[in-house]
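Below, all heavy atoms of this structure are taken into account, side chains as well, without hydrogens, waters or symmetry copies. So that the names make sense, note that chain A is the first sequence line, chain B the second, and so on, each numbered from 1.
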There are 2 protein chains.
Amino acid sequence: MAIPRAAKTQRRTRIQEEKEEQILEAALDVFSVSGFRGSTIDQIAEVAGMSKPNLLYYFRTKEAMHRALIDRVLFTWLEPLRAFNAQGNPESEIRGYIRRKLEMARDFPRESRLFANEVLQGAPHIEDELKGPLKELVDEKAEVIRTWAKAGKIVKCDPYHLIFSIWSTTQHYADFDVQVRAVLGQGQSGEGRFEDAARFLEQLFVDGLSVRAKQPAS
Amino acid sequence: MAIPRAAKTQRRTRIQEEKEEQILEAALDVFSVSGFRGSTIDQIAEVAGMSKPNLLYYFRTKEAMHRALIDRVLFTWLEPLRAFNAQGNPESEIRGYIRRKLEMARDFPRESRLFANEVLQGAPHIEDELKGPLKELVDEKAEVIRTWAKAGKIVKCDPYHLIFSIWSTTQHYADFDVQVRAVLGQGQSGEGRFEDAARFLEQLFVDGLSVRAKQPAS
DNA sequence: GGATAATTTGACCGACTGGTAAACATTACA
DNA sequence: TGTAATGTTTACCAGTCGGTCAAATTATCC
């Protein structure tokens with residue numbers, strides 16, 4: 001009898017490990033483009049090169065595949081914000097955060113789009129994660145930024161909206177990639193656009209928010 | 001015989017006008033949440049309070065409904081950018097553009113999400129519009145910004161990425177509304193968040209990019 | 001090599017999908 | 001008021017959906 005699905009002895013066989021990886025890879029391809037409702041198990045099966053019942057042997061439902069993907073992505077997606085260091089230099093911390101987020105948009109666009117699709121459609125599967133772990137992490141880092149501002153190390157601004165704007169500007173290059181390419185045209189659509197973006201965002205956020213280049217009140 | 005669907009005499013009856021409006025309103029509700037593939041005609045019919053065949057009497061296919069919506073939204077969505085005036089004062093033009101975009105995110109979030117869903121999923125229905133009219137408009141306005149920078153009225157920066165960052169930061173409040181609310185928590189989730197966002201974005205873009213508050217090279 | 005467990009598949013199910021046909025109801029207008 | 005055009009609905013269709021099942025195949029371990 002076959003019951004497994006990562007049950008019984010907790011230990012997963014080599015095949016289980018490989019196949020689950022293979023399935024999640026395919027699921028990421030499909031979910032990141034069509035969202036949960038718009039994706040079908042058949043599509044994922046075809047991309048994964050396996051039969052549909054075989055997918056359902058490893059993940060009981062379509063929702064279980066999505067869930068597994070989301071959990072994995074959510075964790076790595078917050079890594080850059082977690083690395084945000086209160087003891088560091090404000091300017092280089094912000095610069096580093098932007099750089100890392102932009103690199104993730106470049107190197108893991110599917111993960112970004114999966115997340116964007118989910119939030120865009122009302123986050124029906126991850127509302128708890130947003131209100132819990134995410135909010136706590138942002139609250140913590142916002143406090144750091146506020147402290148820097150109070151100490152005069154950085155211009156005074158709303159830390160939450162600062163974080164939102166860093167999220168949106170960087171993820172834009174993954175989520176709205178088609179639009180960015182269309183507007184930039186054939187010329188600048190190579191990977192050079194990420195370097196241009198990095199330069200611009202650094203100028204906008206770092207130069208714009210650092211205190212040293214500013215007068216107290218114009 | 002019934003053939004109409006806005007054919008024959010071009011002139012649309014009162015009923016046609018009303019019903020088509022009613023359908024598009026419902027379609028916007030549904031498409032903006034689930035995207036094209038994830039939405040069903042039955043859902044739209046239920047929201048519209050009409051029978052499915054009745055919808056299909058006014059719009060032959062699901063695609064036709066989507067098309068009609070996209071066309072309408074695309075036009076109004078670009079209005080703020082079109083209003084961007086080369087003769088105006090750079091600072092107030094940018095400020096005004098941000099304000100208008102933010103107001104649209106607040107007042108027409110469904111339209112923003114419809115568009116975001118479409119682009120996110122690879123823009124299969126609007127690629128031509130992006131590469132044509134949109135690109136031309138952006139090219140034109142980018143040239144304006146570049147001129148301002150050359151004349152020293154504004155800090156030198158990549159005009160395309162400036163426009164991208166205004167798009168992304170403002171639309172973020174419509175597209176990622178659930179996330180924004182979750183992070184801000186019960187307290188700041190009222191409409192006040194748009195005022196806070198406006199204040200922050202103005203600070204970031206206007207103060208950050210204006211020349212007068214900056215030293216030439218720190 | 002054989003028993004046992006793990007894996008894979010084809011056939012299938014009921015619910016739902018986009019869309020059609022044709023009968024029925026309503027409106028506009030002479 | 002009659003009638004032709006317009007608008008609406010019920011019943012239906014073929015294809016797809018998520019998911020099940022039992023049989024077949026393969027890996028594992030003694």
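- Rounded to whole Å, atom C1' of D/dG7 lies 11 Å from atom CD1 of B/Ile23.
- Not one side-chain nitrogen or oxygen of A/Tyr58 sits closer than 4.0 Å to the OP1 or OP2 atom of C/dA6.
- Here C/dT26 presents its C1' atom at 12 Å from CG of B/Asn54, a figure rounded to the nearest Å.
- B/Glu202 meets the salt bridge (Lys or Arg N to Asp or Glu O under 4.0 Å) test with B/Arg95; sequence neighbours excluded.
- Applying the salt bridge (Lys or Arg N to Asp or Glu O under 4.0 Å) test to A/Asp107 and every residue at least two apart in sequence or in another chain returns nothing.
- Here the CD1 atom belonging to A/Ile94 is positioned 5.5 Å from the CG atom belonging to A/Leu162, to the nearest 0.5 angstrom.
- If you measure from atom CD of B/Glu18 to atom P of C/dT26, you get 17 Å, rounded to the nearest angstrom.
- Ring planes of A/Phe36 and A/Phe31: parallel class, angle under 30° (limits at 30 and 60°).
- At the phosphate of C/dT7, OP1 or OP2 sits under 4.0 Å from a side-chain N or O atom of A/Gln16.
- Every salt bridge (Lys or Arg N to Asp or Glu O under 4.0 Å) that A/Asp29 has, sequence neighbours left out, goes to A/Arg110.
- Of the residues in residues 29-52 of chain A, those lying under 4.0 Å from DNA chain D by heavy-atom distance are A/Ser39, A/Thr40, A/Ile41, A/Asp42, A/Lys52.
- Side-chain proximity of A/Pro53 to C/dG19, C/dG10, D/dG18: nearest is C/dG10.
- In this structure, the CE atom of A/Met65 is 13 Å from the P atom of D/dC17, given to the nearest Å.
- Protein atom CG of A/Leu56 is 19 Å distant from nucleotide atom P of C/dC12, rounded to whole Å.
- B/Lys19 places its NZ atom 9 Å from the P atom of D/dG7, with the value rounded to the nearest Å.
- Regarding B/Phe59, its CZ atom lies at a distance of 16 Å from the C1' atom of D/dT8, rounded to whole Å.
- Between the CD atom of B/Glu17 and the P atom of D/dG7 there is a distance of 11 Å, given to the nearest Å.
- The shortest distance between the side-chain N/O atoms of A/Tyr57 and the OP1/OP2 oxygens of C/dT8 is not below 4.0 Å.
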Please tabulate, one pair per line, all N/O donor-acceptor pairs under 3.5 Å involving side-chain atoms of residues 39-49 of chain A, not counting sequence neighbours.
{"unit_1": "A/Ser39", "atom_1": "OG", "unit_2": "A/Val30", "atom_2": "O", "d": "3.4"}
{"unit_1": "A/Ser39", "atom_1": "OG", "unit_2": "A/Gly35", "atom_2": "O", "d": "2.6"}
{"unit_1": "A/Thr40", "atom_1": "OG1", "unit_2": "A/Gln43", "atom_2": "N", "d": "3.1"}

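- Residues satisfying the salt bridge (Lys or Arg N to Asp or Glu O under 4.0 Å) test with B/Glu136, not counting sequence neighbours, are none.
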